[in-house]
Novice: 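Handing you this structure, nothing more for now.
What you see is a predicted model; the values in this text were computed from it and never measured.
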Amino acid sequence: MSYKIVFFDVDGTLTHHENGSISEKTIEAVKSLKDKGLKVVAATGRPLSMCEEIRQLGIDTFITANGAFTIHNQEVIHKLTMDKRIVQEIFEYATTENHGLSFYTKEFNMNGVKEENILKALKETLSLNDYPKTNELIYNEEIYLMCLYANDKTVEQYTQKFPHLMFKRWHPYVLSVLQEDITKSLAILKVLEYFGIDKSEAIAFGDGENDIDMLELVGLGIAMGNGHEKLKMVADFVTKKSSEDGIEFALKEYQVI
């Protein structure tokens, strides 16, 4: 099969799943793809402002905020924005209840609530070692994604309070708060349409539950060895861990590089 485009999740896929670094072999693998004329896209839960190290790999197309904001160079391909009144309502409720919320514009902000489980989740999902800045008027900005940091009991509280919204868990302590469903696969379809490439000509690498729809969509879906078991079940191939240069291993296994 002649592949034309590769989508990479970032944290735990392009980056070492334990220390967040990007190995030389992964850097070289991305360069080899580009040298062969393949498009390379980052498909991440990160906001755009936290993708600078990925941009340095030579990647210029980004699916961010789990699929809510997609850009090629400076051209926006796809975006979904949240109703400002809804954001304000949840912001005020969460602040009163002392529950953590994060907000994805092109940057990343939170509501100032701090607790151990939130910091642990920030480390595991975005490789952050500290809380991002707080913006008390964040609901006045264009927000692509909002996340709630909560256990299942707290989520029940929110589903009763906000029955018109969806709460979609993608980490043991993090849920996307959605007016309409946001997925990496929808954003991938927009990117494929933009470049005129068929989904059968696409490869995707991931490690998390939020990568399942992405791997199911493309012609070749590859799960990292450190990936979630549910993801491995839908993958066409399970490669080595990100700490063991799993990207290079899989691309050579399929003779893409």
Novice: We want to know whether Glu142 and Tyr144 form a side-chain donor-acceptor pair, criterion being a heavy-atom distance below 3.5 angstrom.
Specialist: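 Yes, Tyr144 and Glu142 have a side-chain donor paired with an acceptor closer than 3.5 Å.
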
Novice: Answer yes or no: are there more than 12 heavy-atom neighbours, outside Lys168 itself, under 6.0 Å from its atom NZ?
Specialist: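 Check passes, neighbour count above 12.
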
Novice: Just to verify, which of Lys230, Lys184, His228 counts as forming a side chain to side chain donor-acceptor pair (under 3.5 Å) with Asp211?
Specialist: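 One option only clears the test, and that one is Lys184.
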
Novice: Give me the ring orientation class for Tyr173 and Tyr149: parallel if the planes are under 30° apart, tilted from 30 to 60°, perpendicular past 60°.
Specialist: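 Ring orientation, 0 to 90° scale: tilted.
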
Novice: Is it true that Arg46 and Glu53 have a side-chain N and a carboxylate O under 4.0 angstrom from each other?
Specialist: yes

Novice: Kindly assign one of parallel, tilted or perpendicular to the pair Phe162 and Phe167, based on the angle between their ring planes and the thresholds 30° and 60°.
Specialist: tilted

Novice: Side chains of His99 and Tyr158: donor-acceptor distance under 3.5 Å anywhere?
Specialist: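 The answer is yes; a qualifying pair exists.
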
Novice: Using a strict cut-off of less than 4.0 Å between a Lys/Arg side-chain nitrogen and an Asp/Glu carboxylate oxygen, indicate whether Lys241 and Asp207 qualify as a salt bridge.
Specialist: no

Novice: Check Asp152 with Arg169, please: is the shortest side-chain N to carboxylate O separation under 4.0 Å?
Specialist: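 Asp152 and Arg169: salt-bridged.
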
Novice: Say whether, by atom type as modelled, one donor and one acceptor occur between the side chain of Thr239 and the main chain of Gly246 under 3.5 angstrom.
Specialist: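 Yes: the side chain of Thr239 pairs with the backbone of Gly246.
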
Novice: Salt bridge or not between Lys120 and Glu116? Use side-chain N to carboxylate O under 4.0 Å.
Specialist: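 Salt bridge: no.
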
Novice: Take a 6.0 Å sphere around NZ of Lys232 and say whether it holds more than 12 heavy atoms from other residues, nucleotides or ligands.
Specialist: yes

Novice: Quick check: closest heavy atoms across Phe69 and Lys106, and the distance to 0.1 Å?
Specialist: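 So the minimum-distance heavy-atom pair works out to CZ-CE, 3.6 Å.
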
Novice: Given 3.5 Å as the limit, does a donor-acceptor pair link the side chain of Thr13 with the main chain of Val10, or not?
Specialist: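 No, because the side chain of Thr13 does not come within donor-acceptor range (under 3.5 Å) of the backbone of Val10.
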
Novice: Anything under 3.5 Å between a donor and an acceptor, one on a side chain of residues 54-62, the other on a protein residue two or more places apart or in another chain? List them.
Specialist:
unit_1 : atom_1 : unit_2 : atom_2 : d
Thr61  : OG1    : His72  : ND1    : 2.8

Novice: Determine whether Tyr104 and Cys147 make a side-chain contact, defined as any pair of heavy atoms from C-beta on separated by less than 4.5 Å.
Specialist: yes

Novice: Under 3.5 Å, is there a donor-acceptor pair between the Thr154 and Asn151 side chains?
Specialist: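 Thr154 vs Asn151: donor-acceptor pair found between side chains.
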
Novice: Under a 3.5 Å threshold, yes or no: a donor from one side chain and an acceptor from the other, between Lys84 and Asn140?
Specialist: no

Novice: Are Tyr254 and Tyr3, when compared by the centres of their aromatic rings, separated by less than 6.0 Å?
Specialist: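 Aromatic pair excluded; centres sit 6.0 Å or further apart.
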
Novice: Is there a side-chain contact between Phe205 and Met224 in this structure, where contact means two heavy atoms from C-beta onward sitting under 4.5 Å apart?
Specialist: yes

Novice: Return yes if some donor-acceptor pair links the side-chain N/O of Asp236 with the main-chain N/O of Gly221 below 3.5 Å, else return no.
Specialist: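 Confirmed, Asp236 side chain pairs with Gly221 backbone.
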
Novice: Answer yes or no: does atom NZ of Lys34 have more than 12 heavy-atom neighbours from other residues, nucleotides or ligands under 6.0 Å?
Specialist: yes

